[in-house]
Amino acid sequence: MDARSFLAVVLLCVAVADGKPTLRKERVIHESDLNKRTPEDNKSFQYDHEAFLGKEDAKTFDQLTPEESKDRLGKIVSRIDSNGDGYVNMAELKAWIKRVQKRYVYENVAKVWTDYDLNKDNKISWDEYKQATYGYYLANPEEFDETTDQFSFKKMLPRDERRFKRADLNGDQAADREEFTSFLHPEEFEHMKDIVVLETMEDIDKNSDGHVDEDEYIADMFAHEDGGPEPDWVKTEREQFSDFRDMNKDGKMDLEEIRHWIMPQDYDHAQAEARHLVYESDQDKDEMLTKEEILENWNMFVGSQATNYGEDLTRNHDEL
């Protein structure tokens with residue numbers, strides 16, 4: 001079966017402490033191996049941890065002792081059990097995962113808000129964002145002559161402006177919290193998904209012909225070594241391109257095919273993870289989890305957004 005992928009490309013410039021811009025490119029890929037995973041494959045739960053938190057956050061939670069992990073997980077079960085019937089069903093677990101994902105996005109925006117709201121009016125104008133992000137580059141272009149950064153910043157400035165304008169729903173050239181959140185996390189907002197698809201195309205389409213061919217698709221994930229053979233997984237990805245990505249069989253992907261690739265309508269990451277957690281932990285196969293069943297399989301939940309570092313034990317997030 002085709003391994004479903006949800007890829008969100010976030011390409012931003014951020015200002016470092018001395019005001020000098022630095023280039024950061026992140027390609028966040030949530031790839032579901034759950035639909036082809038069997039119980040025998042589940043020797044390690046690193047996928048579950050990283051699927052929810054990312055590698056660095058998962059490592060942080062790994063520093064807790066098993067006793068601390070179980071204690072935090074046990075206390076949070078009652079909050080996942082929204083109807084208070086003593087069971088966590090798949091719908092409750094999915095809702096909880098989505099809630100925590102949403103909270104992460106808004107907390108991430110809150111952390112950087114003051115860096116961009118320079119006049120403290122609780123809005124971020126395009127000029128404020130441009131100054132905070134590209135100010136050093138714009139004021140000192142000579143420092144970037146004959147460097148790869150020169151090309152990168154020159155390319156990214158209009159790209160960020162295009163994304164900012166799409167996020168600015170009321171057209172006042174200033175972003176409130178919701179609009180700025182959609183600017184920084186476009187993959188989370190329906191009205192921004194065209195931008196995600198377009199930016200994905202631009203990142204991978206190296207010859208700028210408006211399509212992604214098979215070699216460009218492979219080059220985005222694998223760097224060839226001179227004379228070195230391709231690993232088996234690369235050969236599999238070539239088959240994926242031919243069989244699933246290139247839907248009209250013209251040898252390349254257009255925008256609509258890229259959308260189908262990175263945002264498959266029939267795939268829900270939270271639903272897939274909830275189904276997986278229930279499947280692996282549901283001892284009596286009633287499609288519901290008791291607190292005991294969850295604690296019995298605590299190492300699968302540790303590090304996932306289901307536990308969220310135990311933050312829900314100390315903070316009230318009823319607003320979400």
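Quantities reported herein were computed from a predicted structural model and do not represent experimental measurements.
- In the model, Ser82 has a side-chain atom that pairs as donor or acceptor with a side-chain atom of Glu92 under 3.5 Å.
- Under the side chain to side chain contact (heavy atoms under 4.5 Å, CB included) rule, Asp220 has a single partner from Asp205, Ile204, Asp215, which is Ile204.
- Residues Val212 and Phe222 are members of one and the same hydrophobic cluster, defined by side-chain heavy-atom contacts under 4.5 angstrom among Ile, Leu, Val, Met, Phe, Trp and Tyr.
- A salt bridge links Asp268 with Lys94: the distance from a Lys NZ or Arg NE/NH1/NH2 to an Asp or Glu carboxylate oxygen falls below 4.0 Å.
- With a 4.5 Å cut-off on side-chain heavy atoms, Arg166 and Asp194 count as touching.
- A salt bridge is absent between Asp168 and Arg163: the closest approach of a Lys/Arg side-chain nitrogen to an acidic carboxylate oxygen does not fall below 4.0 angstrom.
- Ion pair Asp160/Lys165 not flagged as a salt bridge, since none of the NZ, NE, NH1 or NH2 atoms sits closer than 4.0 Å to an Asp/Glu carboxylate oxygen.
- Hydrophobic clustering places Leu295 together with Leu289 (ILVMFWY residues linked when any side-chain heavy atoms are closer than 4.5 Å, directly or through intermediates).
- Side-chain contact of Asn108 with His185: a donor-acceptor pair under 3.5 Å is present, judged by distance alone.
- If you check the side chains of Glu161 and Tyr134, you find no donor sitting under 3.5 Å from an acceptor.
- Atoms CZ and CD, from Phe301 and Glu280 in turn, are 10.0 Å apart once rounded to the nearest 0.5 Å.
- Between Glu257 and Arg245 no salt bridge is recorded (no basic side-chain N to carboxylate O distance below 4.0 Å).
- Residues satisfying the ring-ring contact (aromatic ring centres under 6.0 Å, His included) criterion with Phe241, sequence neighbours excluded, are Tyr217.
- A 6.0 Å sphere centred on CD of Glu296 holds no more than 12 heavy atoms belonging to other residues, nucleotides or ligands.
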Intermediate values then yes/no, ring pair (Phe, Tyr, Trp, His ring centres under 6.0 Å), Phe183 and Tyr129: CA-CA 11 Å; Phe183 170 69; Tyr129 179 81; 4.9 Å; yes
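- Under the 6.0 Å distance and 45° angle rule, Arg177 counts as a cation-pi partner of Trp113.
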Candidate pair Glu188 and Thr181, rule side chain to side chain contact (heavy atoms under 4.5 Å, CB included), full reasoning: CA-CA 9 Å; Glu188 300 292 336; Thr181 300; over 6 Å; no
Glu179/Lys123 under salt bridge (Lys or Arg N to Asp or Glu O under 4.0 Å): CA gap, chis, key distance, verdict: CA-CA 9 Å; Glu179 289 171 330; Lys123 286 187 175 182; over 6 Å; no
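- A salt bridge does not link Lys193 with Glu187: every distance from a Lys NZ or Arg NE/NH1/NH2 to an Asp or Glu carboxylate oxygen is 4.0 Å or more.
- We find that Arg259 and Asp254 are not joined by a salt bridge, their nearest charged nitrogen and carboxylate oxygen being 4.0 Å or further apart.
- The closest side-chain heavy-atom distance from Met288 to Met90 is not below 4.5 Å.
- Between the CD atom of Glu128 and the CZ atom of Phe180 there is a distance of 9.5 Å, given to the nearest 0.5 Å.
- Looking only at side-chain heavy atoms (C-beta outward), Tyr136 and Glu143 come within less than 4.5 Å of each other.
- Relative to the ring axis of Tyr116, Lys130 does not place its NZ or CZ within 45° and under 6.0 Å from the centre.
- For CE of Met247, the number of neighbouring non-hydrogen atoms (other residues, nucleotides, ligands) closer than 6.0 Å is 12 at most.
- Ion pair Glu202/Arg162 flagged as a salt bridge, since at least one NZ, NE, NH1 or NH2 atom sits closer than 4.0 Å to an Asp/Glu carboxylate oxygen.
- Taking 4.0 Å as the cut-off between side-chain N and carboxylate O, Lys111 and Glu107 do not count as a salt-bridged pair.
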